[in-house]
Amino acid sequence: MGERLQTLRSFSRFLFAIVALCLLSSSLTSSSQGFASDLDGKPFDPFRAAQGKVVVLIFVRTDCPVSNRYAPAIQQLSAKNGGKAVFFLVYPSKKETADSIRKHDREFGYRLAALRDPQHILVKESQAQITPEAAVFDANRRLVYHGRIDNLYEDFGHARKSATTHELADAIEAAIAGKKLAGNATPAVGCYISDLE
């Protein structure tokens with residue numbers, strides 16, 4: 001009986017050590033990979049930086065013509081809602097370097113903070129699949145909208161003269177006012193975000 005108890009105690013200690021190692025490993029992984037990064041390569045949490053404001057993530061690529069065409073509209077939305085919502089450009093492509101992103105932002109006149117998300121941390125949290133695609137989070141970090149900016153594009157390469165619906169603007173307005181949207185997702189048109197890069 002004493003020998004069996006000793007074996008059980010040894011086994012329990014062994015299990016405890018395994019669990020502790022797993023928890024430590026998980027903690028280290030999440031702390032180093034749980035965020036996107038700024039263009040200097042430092043981990044960056046847009047929700048913490050927003051300090052309780054509505055967060056708007058705009059997923060873009062330097063080489064996506066649809067993303068690039070939306071640059072003025074994104075800037076206008078940011079300027080209009082700057083005091084109540086915090087905007088971030090999110091570059092999910094593993095191939096895009098900080099220098100290429102800086103160059104792109106200069107060329108298109110962006111004044112928004114740009115983040116790299118090659119591990120697709122923010123992509124997954126936002127349920128994003130396309131560039132350009134927007135995600136709106138309320139002050140409690142709840143995803144309240146994800147999808148297209150507006151309906152300018154009917155399909156890739158087929159654009160209207162001007163947009164007739166403005167889903168992102170409506171979502172931002174609702175999030176700031178603390179209201180719920182009738183629909184919280186609208187498919188976007190553009191370039192696919194690939195997990196295979």
Side-chain angles (χ1 to χ4, degrees), residues 36 38-39 44-93 96 101-117 122-123 125-156 158-191 193:
D38 63 20
L39 296 186
F44 189 90
D45 182 351
F47 303 101
R48 182 174 291 175
Q51 298 180 343
K53 291 183 181 177
V54 168
V55 172
V56 182
L57 304 178
I58 311 281
F59 294 86
V60 295
R61 293 177 65 115
T62 61
D63 61 354
C64 180
V66 182
S67 284
N68 291 337
R69 183 161 180 198
Y70 271 103
I74 293 166
Q75 287 288 97
Q76 287 169 4
L77 282 169
S78 173
K80 179 182 175 185
N81 297 286
K84 298 175 183 175
V86 183
F87 284 65
F88 297 93
L89 293 176
V90 182
Y91 290 83
S93 174
E96 292 176 329
I101 291 169
R102 286 187 184 100
K103 180 182 177 195
H104 177 259
D105 289 357
R106 281 193 305 273
E107 286 175 359
F108 286 90
Y110 278 121
R111 294 184 194 91
L112 283 66
L115 305 175
R116 292 188 70 235
D117 188 29
L122 297 175
V123 167
E125 191 162 357
S126 302
Q127 301 175 28
Q129 299 177 357
I130 298 286
T131 61
E133 185 166 347
V136 179
F137 293 82
D138 68 13
N140 297 312
R141 197 175 172 162
R142 284 189 301 251
L143 179 63
V144 295
Y145 174 77
H146 68 95
R148 69 188 182 191
I149 294 168
D150 57 32
N151 71 344
L152 181 64
Y153 278 86
E154 300 171 56
D155 198 354
F156 195 86
H158 299 284
R160 294 178 168 87
K161 287 184 181 178
S162 61
T164 59
T165 64
H166 303 277
E167 289 82 1
L168 178 56
D170 294 343
I172 294 168
E173 189 177 309
I176 290 170
K179 297 177 181 174
K180 286 191 176 180
L181 290 169
N184 68 346
T186 310
V189 174
C191 310
I193 296 170

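In what follows, every heavy atom counts, from backbone to side chain, and hydrogens, waters and symmetry copies are set aside.
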**OP:** For Glu96, check salt bridge (charged side-chain N to carboxylate O under 4.0 Å, His left out) against everything at least two apart and list the hits.
**Re:** none
Original post:
When rounded to the nearest 0.5 angstrom, what distance separates CG in Asp45 from CG in Asp38?
Top reply: 12.0 Å
**OP:** Please round to the nearest 0.5 Å and tell me the distance separating atom CG of Leu122 and atom CG of Leu57.
**Re:** 5.5 Å
Side chains of residues 128-137: which donor-acceptor pairs under 3.5 Å do they make with residues two or more places apart or in other chains?
{"residue": "Thr131", "atom": "OG1", "partner": "Cys191", "partner atom": "O", "Å": "3.3"}
{"residue": "Glu133", "atom": "OE1", "partner": "Gln129", "partner atom": "N", "Å": "2.9"}
{"residue": "Glu133", "atom": "OE1", "partner": "Ile130", "partner atom": "N", "Å": "3.0"}

Original post:
Are any non-hydrogen side-chain atoms of Tyr145 and Thr186 less than 4.5 angstrom apart?
Top reply: yes
**OP:** Could you tell me which residues satisfy side chain to side chain donor-acceptor pair (under 3.5 Å) with Glu173, sequence neighbours excluded, listed by chain and number?
**Re:** none
Original post:
So, does Asn68 use its side chain to make a donor-acceptor pair with the main chain of Thr62 at under 3.5 Å?
Top reply: yes
Original post:
Should Ile172 and Lys80 be marked as a side-chain contact (heavy atoms from CB on, under 4.5 Å) after you check the CA-CA gap, both sets of side-chain angles, and the distance that decides it?
Top reply: CA-CA 11 Å; Ile172 294 168; Lys80 179 182 175 185; over 6 Å; no
**OP:** Using a 4.5 Å cut-off on heavy atoms from C-beta on, say whether the side chain of Val56 contacts that of Leu168.
**Re:** yes
Subject >> Nearest heavy-atom neighbours spanning Leu39 and Ala114 >> reply: CG-O, 3.8 Å
Original post:
Which heavy atom of Ser67 sits nearest a heavy atom of Arg61, and at what distance?
Top reply: OG-N, 3.7 Å
Subject >> Qualifying residues under ring pair (Phe, Tyr, Trp, His ring centres under 6.0 Å), relative to His104, sequence neighbours excluded >> reply: Tyr91, Phe108
**OP:** Check for a donor-acceptor pair, side chain of Asp150 on one end and backbone N or O of Ala163 on the other, with a separation under 3.5 Å.
**Re:** no
**OP:** Could you name each residue pair satisfying salt bridge (charged side-chain N to carboxylate O under 4.0 Å, His left out) that touches residues 160-170, not counting sequence neighbours?
**Re:** Arg148-Glu167
Original post:
Got a sec, which residues hit ring pair (Phe, Tyr, Trp, His ring centres under 6.0 Å) with Phe88, two or more places apart in sequence or on another chain?
Top reply: Phe44
Original post:
Any side chain to side chain donor-acceptor pair (under 3.5 Å) pairs touching residues 48-59, not counting sequence neighbours?
Top reply: none
Subject >> With Asp138 via salt bridge (charged side-chain N to carboxylate O under 4.0 Å, His left out) - residues at least two apart >> reply: Arg142
Subject >> Separation of Leu115 CG from Phe59 CZ (nearest 0.5 Å) >> reply: 9.5 Å
**OP:** Would you indicate whether the side-chain heavy atoms of Ile58 and Leu89 approach each other to under 4.5 Å?
**Re:** yes
Original post:
For the residue pair Ala50 and Val55, what are the closest heavy atoms and their distance?
Top reply: CB-CG2, 3.4 Å
Original post:
How would you list, by chain and number, every residue that makes a salt bridge (charged side-chain N to carboxylate O under 4.0 Å, His left out) with Arg102, sequence neighbours excluded?
Top reply: Asp40, Asp99
Original post:
Considering residues at least two apart in sequence or located in another chain, which fulfil the side chain to side chain donor-acceptor pair (under 3.5 Å) criterion with Ser78?
Top reply: none
**OP:** Tell me, please, which residues at least two apart from Lys84 pass side chain to side chain contact (heavy atoms under 4.5 Å, CB included).
**Re:** Ile176
Original post:
What's the spacing between Asn151 CG and His166 NE2 if we round to 0.5 Å?
Top reply: 7.0 Å
Subject >> Minimum heavy-atom distance Gly147-Ala188, with the two atoms named >> reply: C-CB, 4.1 Å
Original post:
Between Asp117 and Ala36, is there a donor-acceptor pair closer than 3.5 Å when you use the side chain of the first and the backbone of the second?
Top reply: no
Original post:
Sequence neighbours excluded, which residues qualify as ring pair (Phe, Tyr, Trp, His ring centres under 6.0 Å) partners of Tyr70?
Top reply: none
